[in-house]
Structures are given as structure tokens and as C-alpha cells.
Amino acid sequence: MPPSSREVFETERQTSGDRTVEGRKDIDRRGIPFNSVAEYEEFGISLENVEEPTYSYWNWYADDKEGIKRTREAYNGVYLKQKCLIPGVPNIKTEIYGRKTNPVGVSPSAFHKLATPEGELATAQGVAAAGGIYCYNYYYAGVKMEEIVSKVPDCTMWLHLYIHNDRKQLSDILKRAEQLNFAAVVLTMDHPHDRVRDNTKPVFIKYDKNIPPMPNGEDDFDCSKANWSDFAWFCQATSLPIVAKGITSVDDAKTAVKHGARGIFVSGHGGRQFAYGQSPLELLPEIMKAVGSKVSGNVFIDTNIRSGGDVLKAMALGAKAAFVGRPTLYALRAAGAIGVENILTILSNELRWNMQCCGCQTIASVDRSIISHLSGPMAEVEDSSKLSPLTLGLPLMTGFLLGLILCRK
């Protein structure tokens, strides 16, 4: 007999949020661990909890947060249909690149040792305990990937790299990732310059004693010369599936697939690179329609996801999994591995609860039929989806025929 929903949720609660750790900071005034991403975010944007230079680095956005504001408006503009009296406990497990996993993961981010002395090792421990995916940022990690895999062998790991021209070095890294049983390689595509580093570098220089050494080498590579032939080389250089991250247009998605991508990661880089395009959620349906079947549905999303409801909305529009960045760092600072496990468990539980409210028992049953309507920036998505080529062509054909009639008169 399958477990009841109460049993499922109670088991997950006991395996994360109720554990106590000396010095844990994600405990509220009632003595209860944080139970929302918002609480971790409130913690992480306070200088009382996060000192410089970490605070400035984590909370830097491009162009006065214009891009990140639109991402929130997009998620708020998706409304779901509730269905009552649907029995059963939703199963949120899915399979991605041959690995069973929850559809909630951790996006690539840098300098985890600024959050906790254990750095990326603690992140991997938390992700493994929560059953998600960890995108390990090779060039900005404070712990070697070999150490992480040896100590946390059950963590589903994706290797994150930047595209540059040192192919000998990259070949070595890719071979090591294959030997370590990484599941995929994520390539950041939207990094033509060092905007984030250049805008926070004075702070880092001032507080350089707080920056841990990076055992994988210095970040002296140049991404400004990267082109599509370099991307194609990656796709041929490894047996691991290549996921193109930072894709925010249909044209780029198609080009990435043409050159060998086996996954598309729709991402706004956390609002840190480019602020004036559409949000990832707005672009997701169009990109999914264009290339989804060509990458076996392996289309992913991140940027400003703050609840399991956001995850469900993204999945209803086509995403196979959703990833979070800053919230993970805030949780890591608050409670190390336990914090990461707790925040991912919160998102997974919220996803399951909302699936149950929408009558979805499996991830496969989540689709656009659970959306009631779209508003705000998402209204344009709804309007465009209703305009088929035939519909668009009718006014033109009508005008053409009317013109012929008038000419004959």
C-alpha cells in the first residue's frame, strides 16, 4: 500500500528541516527551521548575516535589476487550475540523462567557500540528500570535483564550464568528468565579457583575504572570442550530453541543437548579464516548441525561481527541471549542507503539494492543460500561441482578394 501524503511529507521533513546543527542560523523565533525560500532570501540580503565582499557579489544585478523584475512579473502572471478530490500522492521523480532525480537543482555559482568553509562539498552533500541535481562550477570552485565525488558519490553532478580556446585543458577536464560519472556538461553561452567580475572586482581586491584559493586554476580564460565552432567542438569532444545554458532566443536554441546540443538551459544568468530581453519563462514555450522534441524534452530553466509553485508553472510550460542559484548560497551561509538540503526539500514539497492541488500525480502529467490563463508579460505568450500561420495569413489573403475584386471593377 503506497504511503499517504502525510507520511511522505513527514518523512522528508524529518530528514531535513528538523535536524539541529550547532551555529545554525536558519531557525526562526519559534525555534523552527525556515520553511520558505523567501525566508532564506531575507536572510541572504541582510548585511547582518552576510558580510562584504560576499554581500555585494551575491546581490549584484545588471542595470538596476530591470531584467530580474520582469522575471518575477512573468511567474506572477501564470495562473493554474485547481482540481478537487484527486486521490493519491504525486511522484515528483523524473529521469534526466539516465539518472532518476527530483526536477529541482542548483544552478552554477561561484565561491561557495564564501558561504561556508566546506564550500562546494557542503553544497553537494545537501543536493544529494534532497535528491536533486548539482551544476558544479569548475573554474570558480574551492573544492576539486574528485574530492566531491569521492565523498558524495550519490550526488547527481553536471559539470559547468565556460567556452574558451584552451582545448588541451578543456579536453583534460572533460575526460576527468567522464571518469567521475558526471551526468552532463553545462556550457554558459551568455558570457561575452566579465561584467559581473569587473563590477565587483574593487570590492574583491579590498577584501581579497576572504577569497579562498581556487584549486582548479585561475579564471584567466577569455570568453569574448568564443563562437559556434567552439561550441560544436565541445559536442564532439565528450560522450557526455552538452547543455547550452543562457539561451534566450529561438534562433540560438536552434543553432545550438544544429551544432550538437542535447539540452537547452533557458536562463537569464540571474539578472547579472543582460537586463533588456524577455524573461526565461516568457521564452520557454516558444523555445520548447522549436527544439524540445529534438533534445528529447531536455529543456531546463532558472533565474528568480522562488517557490515550488514557480517550478510547477515552468514545467507546465515545458521545462523538464528548474534550478535555483542565489537561494542556495543563502541557505549554504545559514546552515551549510543542512541548509541546502532544507531549501531544496522545501521546493520539492511545494511542487508536490501544488501538483496535488492541480490533480497531477506524476511529472509526466504536468502540461499546459493545468494553466487557466496568463497575464502581464505572459499574456503575450498566450496571444502568440493562439496565432497559427493560417490565422495570421487570413487577413493578408482577404486583403489580396478584395484588391483583385476592386481592380476588376
Side-chain angles (χ1 to χ4, degrees), residues 44 50 52-62 105-127 133-149 152 155 157-164 166 169-170 172-174 176-177 180 182 184-205 207-224 226 234 243 245-246 265 267 269-273 302-303 323-333 336 340:
V50 182
E52 294 287 10
T54 306
Y55 179 88
S56 292
Y57 181 70
W58 285 355
N59 297 301
W60 188 88
Y61 294 88
V106 173
S107 294
S109 55
F111 305 134
H112 288 203
K113 282 194 174 183
L114 290 178
T116 184
E118 294 77 23
E120 288 75 13
L121 179 60
T123 306
Q125 291 169 335
V127 173
I133 301 167
Y134 174 31
C135 295
Y136 170 81
N137 192 348
Y138 180 86
Y139 283 108
Y140 293 99
V143 182
K144 281 186 173 291
M145 56 185 180
E146 284 83 359
E147 179 181 350
I148 293 175
V149 171
V152 197
C155 183
M157 302 270 287
W158 292 7
L159 175 67
H160 171 261
L161 293 171
Y162 295 92
I163 300 177
H164 59 84
D166 190 342
Q169 180 196 70
L170 291 169
D172 175 68
I173 296 169
L174 292 170
R176 288 162 57 198
L180 292 169
F182 274 65
V185 176
V186 179
L187 295 180
T188 279
M189 314 290 284
D190 59 338
H191 192 271
H193 46 63
D194 289 319
R195 181 177 192 174
V196 178
R197 187 177 62 179
D198 290 347
N199 277 275
T200 57
K201 200 168 185 177
V203 183
F204 271 80
I205 292 173
Y207 294 96
D208 61 353
K209 65 181 185 334
N210 292 327
I211 302 175
M214 293 178 287
N216 293 322
E218 293 299 320
D219 55 330
D220 56 355
F221 50 84
D222 182 5
C223 297
S224 65
F234 269 97
V243 180
K245 183 180 184 293
F265 204 136
S267 170
H269 210 112
R272 292 160 79 83
Q273 287 287 352
D302 73 359
T303 305
F323 293 75
V324 290
R326 285 185 184 88
T328 308
L329 297 172
Y330 301 153
L332 195 64
R333 163 53 65 92
V340 174

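The OG1 atom of Thr54 sits 9.5 Å away from atom CG of Leu329, with the distance rounded to the nearest 0.5 Å. Here the straight-line distance linking atom CG of Asp172 with atom CG of Asp166 works out to 10.0 Å at 0.5 Å rounding. Of the inter-residue distances, the one linking Leu174 atom CG with Leu161 atom CG reads 6.0 Å to the nearest 0.5 angstrom. Ile173 CD1 to Met145 CE: the interatomic distance, rounded to the nearest 0.5 Å, is 6.5 Å. Separating the OH atom in Tyr55 from the CG atom in Leu114 is a distance of 15.5 Å, to the nearest 0.5 Å.
Ala226 approaches Ile163 most closely through the heavy-atom pair CB-CG2, 3.5 Å. Minimum interatomic distance between Lys245 and Ser267 (heavy atoms only, all atoms of both residues): NZ-OG, 3.2 Å. Pairing each heavy atom of Val186 with each of Cys135, the nearest pair is CG2-SG, 4.2 Å. Here the closest non-hydrogen pair linking Cys155 and Ala124 is SG-O, 3.7 Å. Residues Leu159 and Ala177 share a closest heavy-atom pair of CD2-CB, 3.6 Å. The nearest pair of heavy atoms linking Lys113 to Val143 is CE-CG2, 3.9 Å.
With hydrogens and angles disregarded, no donor-acceptor distance shorter than 3.5 Å links the side chain of Arg333 to the backbone of Thr116.
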Problem set entry | Steps toward ring pair (Phe, Tyr, Trp, His ring centres under 6.0 Å) verdict (Phe323, Trp158) | CA-CA 12 Å; Phe323 293 75; Trp158 292 7; 5.5 Å; yes
Exercise. side-chain contact (heavy atoms from CB on, under 4.5 Å) between Val149 and Phe182: does it pass, once the steps are laid out?
Worked result: CA-CA 9 Å; Val149 171; Phe182 274 65; 4.0 Å; yes
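Residues Leu180 and Met157 are not in side-chain contact: their nearest non-hydrogen atoms beyond the backbone lie 4.5 Å or more apart. The side-chain heavy atoms of Asn137 and Tyr140, taken from C-beta on, include a pair separated by under 4.5 Å. Side-chain atoms of His164 and Gln169, non-hydrogen and from C-beta on, do get closer than 4.5 Å to each other. Put simply, the side chain of Phe265 does not reach to within 4.5 Å of the side chain of Met189, judged on heavy atoms. For the pair Tyr136/His160, no side-chain contact is recorded, criterion being any heavy-atom separation below 4.5 Å from C-beta on. Residues Val243 and Leu187 have side chains not in contact (no heavy-atom distance under 4.5 Å, counting atoms from C-beta outward).
Tyr162 and Tyr139 have tilted rings, their planes meeting at an angle from 30° to 60° on a 0 to 90° scale.
The one candidate from Leu121, Leu332, Val340 that meets the side chain to side chain contact (heavy atoms under 4.5 Å, CB included) condition with His112 is Leu332.
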